[in-house]
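Every chain is numbered from 1, with letters handed out A, B, ... down the list of sequences.
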There are 2 protein chains.
Amino acid sequence: MLIGELAKQAGCETGTIRYYEQEGLLEKAGRTESGYRRYTGRHLGQLNFVLHCRSLGMTLSEIKTLQNLQNDAITSCAEVSELIERQIERIHRQIEAMHALEAQLTTLRNCCRENVPASECGILKSLLVSSAISSPHWTPDAAEEVESAERRKKGRKK
Amino acid sequence: MLIGELAKQAGCETGTIRYYEQEGLLEKAGRTESGYRRYTGRHLGQLNFVLHCRSLGMTLSEIKTLQNLQNDAITSCAEVSELIERQIERIHRQIEAMHALEAQLTTLRNCCRENVPASECGILKSLLVSSAISSPHWTPDAAEEVESAERRKKGRKK
DNA sequence: ATAAAACCTTCCAGTTGCTGCAAGGTCAAC
DNA sequence: GTTGACCTTGCAGCAACTGGAAGGTTTTAT
């Protein structure tokens with residue numbers, strides 16, 4: 001089959017397939033007389049493996065590692081397990097971070113419901129306040145002071 | 001203050017600040033005689049706003065939109081709300097996807113505990129099987145057929 | 001027979017949000 | 001006077017593609 005057919009069967013773009021081949025995640029395809037790539041079921045299997053691993057959030061280099069482990073009968077299973085374990089931990093951390101995010105955003109949303117001008121918007125105000133809080137060193141007044149001090153010290157105005 | 005001081009106060013890298021300035025998320029800084037950027041408290045406020053929004057998962061272009069809404073007293077608050085609402089929905093979808101992922105990975109992990117060769121690894125086997133399942137059109141036998149057919153006739157589809 | 005369409009090829013640029021480097025200028029201290 | 005810590009610009013690179021240009025090949029419609 002040609003690249004378009006393979007892409008259709010696997011459910012991805014032809015560009016992705018060429019990219020994977022280039023990155024060494026798929027065996028080089030044979031060519032027709034006119035130079036078109038010709039694929040076999042073996043390639044479809046490889047491609048689906050890569051796409052499936054991608055959908056599990058693995059990076060291409062992790063997938064390459066897995067492929068190498070597959071081809072290496074000597075390696076013990078432990079390395080594979082470890083890779084998966086790292087994925088799980090990573091996902092776990094991401095989920096937690098996202099929950100925190102969701103909570104913050106929900107709070108933010110509740111700051112503003114009415115149809116007031118943006119200048120009065122509780123959300124924007126809240127965002128500004130949070131910004132200020134997250135930098136405890138700064139107040140408008142202190143800023144003025146720093147500015148003046150700088151001007152005084154340099155002894156020039158710009 | 002100079003860029004290093006601003007970076008320290010805001011808790012980011014100097015490169016990030018220059019990048020934000022370049023992208024129009026921070027007002028252009030003044031310059032000293034020797035060409036160093038000079039910042040004011042106003043810049044720190046802007047920078048913290050951007051960093052805070054980034055930490056909420058907003059893209060730079062969304063943040064730019066927010067800034068424009070801030071400066072535009074005529075705009076109604078509804079647009080701001082809408083933006084936040086989109087964030088929440090996005091996060092929600094991401095969390096759900098991640099939960100599904102976590103479940104899949106956990107299942108995968110449980111396929112293999114023993115110290116067997118990778119060639120016998122339940123995880124790898126499982127990944128291969130899932131790949132095959134996710135492409136219902138393909139079986140090794142069918143692949144052989146396609147191959148032969150191609151050799152016989154060099155046939156084209158569609 | 002010819003033209004359009006639907007494939008395919010390679011190469012290169014762009015995406016996002018930075019980070020790091022090279023090569024150089026500036027400034028305060030020892 | 002020379003370290004060393006700053007700062008400057010500009011460019012390359014990351015991940016994992018996606019899209020486009022410019023062109024070649026094959027099939028199909030007129």
TODO: Between A:Thr59 and B:Arg18, name the one whose nearest nucleotide on DNA chain D is closer to the 5' end.
DONE: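 By nearest-heavy-atom nucleotide position, the 5'-most residue is B:Arg18.
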Open item on the list: Between the base of C:dG17 and the side chain of B:Tyr20, is one N or O donor paired with an acceptor at under 3.5 angstrom?
Closed with: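 Under the 3.5 Å cut-off, the side chain and the base do not form any donor-acceptor pair.
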Which of these nucleotides, [options], is closest to any side-chain atom of [X]?
X: B:Arg31; options: D:dT9, D:dC7, C:dG17; value: D:dT9
X: B:Leu60; options: C:dG17, C:dC8, D:dC7; value: C:dG17
X: A:Ser34; options: C:dC27, C:dC18, D:dT26; value: D:dT26

Protein-nucleotide distance ([X], atom [atom1]; [N], atom [atom2]), rounded to Å:
X: B:Tyr36; N: C:dG24; atom1: OH; atom2: P; value: 16 Å
X: A:Leu47; N: D:dC17; atom1: CG; atom2: C1'; value: 14 Å
X: A:Leu2; N: D:dT27; atom1: CG; atom2: P; value: 10 Å
X: B:Glu5; N: D:dC7; atom1: CD; atom2: P; value: 9 Å
X: B:Lys64; N: C:dG17; atom1: NZ; atom2: C1'; value: 12 Å
X: B:Glu23; N: C:dG14; atom1: CD; atom2: C1'; value: 13 Å
X: A:Ile3; N: D:dT26; atom1: CD1; atom2: P; value: 17 Å
X: A:Glu13; N: D:dT18; atom1: CD; atom2: C1'; value: 7 Å

TODO: Determine yes or no for a side-chain-to-main-chain donor-acceptor pair under 3.5 angstrom, with A:His99 supplying the side chain and A:Glu96 the backbone.
DONE: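 The answer is no, because no donor-acceptor pair under 3.5 Å joins these two groups.
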Task: Check: B:Glu23 side chain, B:Leu60 main-chain N or O, donor-acceptor pair, under 3.5 Å - done: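 No: the side chain of B:Glu23 does not pair with the backbone of B:Leu60.
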Open item on the list: With a cut-off of less than 4.0 Å, is there a side-chain N or O of B:Thr16 near OP1 or OP2 of C:dT19?
Closed with: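 So the side chain of B:Thr16 is within the cut-off, an N or O lying under 4.0 Å from OP1 or OP2 of C:dT19.
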Open item on the list: Does D:dT25 have OP1 or OP2 under 4.0 Å away from a side-chain N or O of A:Arg37?
Closed with: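 The answer is no; no side-chain N or O of A:Arg37 sits under 4.0 Å from OP1 or OP2.
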- [ ] Show your reasoning for whether side chain to side chain contact (heavy atoms under 4.5 Å, CB included) applies to B:Tyr39 and B:Ile17.
- [x] CA-CA 11 Å; B:Tyr39 291 97; B:Ile17 296 172; 3.4 Å; yes
TODO: Let me see the working for A:Val50 and A:Gln67 under side chain to side chain contact (heavy atoms under 4.5 Å, CB included), right down to the final yes or no.
DONE: CA-CA 9 Å; A:Val50 175; A:Gln67 288 181 333; 3.7 Å; yes
Open item on the list: Out of the candidates A:Glu82, A:His92, A:Glu62, only one should pair with A:Gln87 under the side chain to side chain donor-acceptor pair (under 3.5 Å) rule; please name it.
Closed with: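 In the set A:Glu82, A:His92, A:Glu62, the residue that makes a side chain to side chain donor-acceptor pair (under 3.5 Å) with A:Gln87 is A:Glu62.
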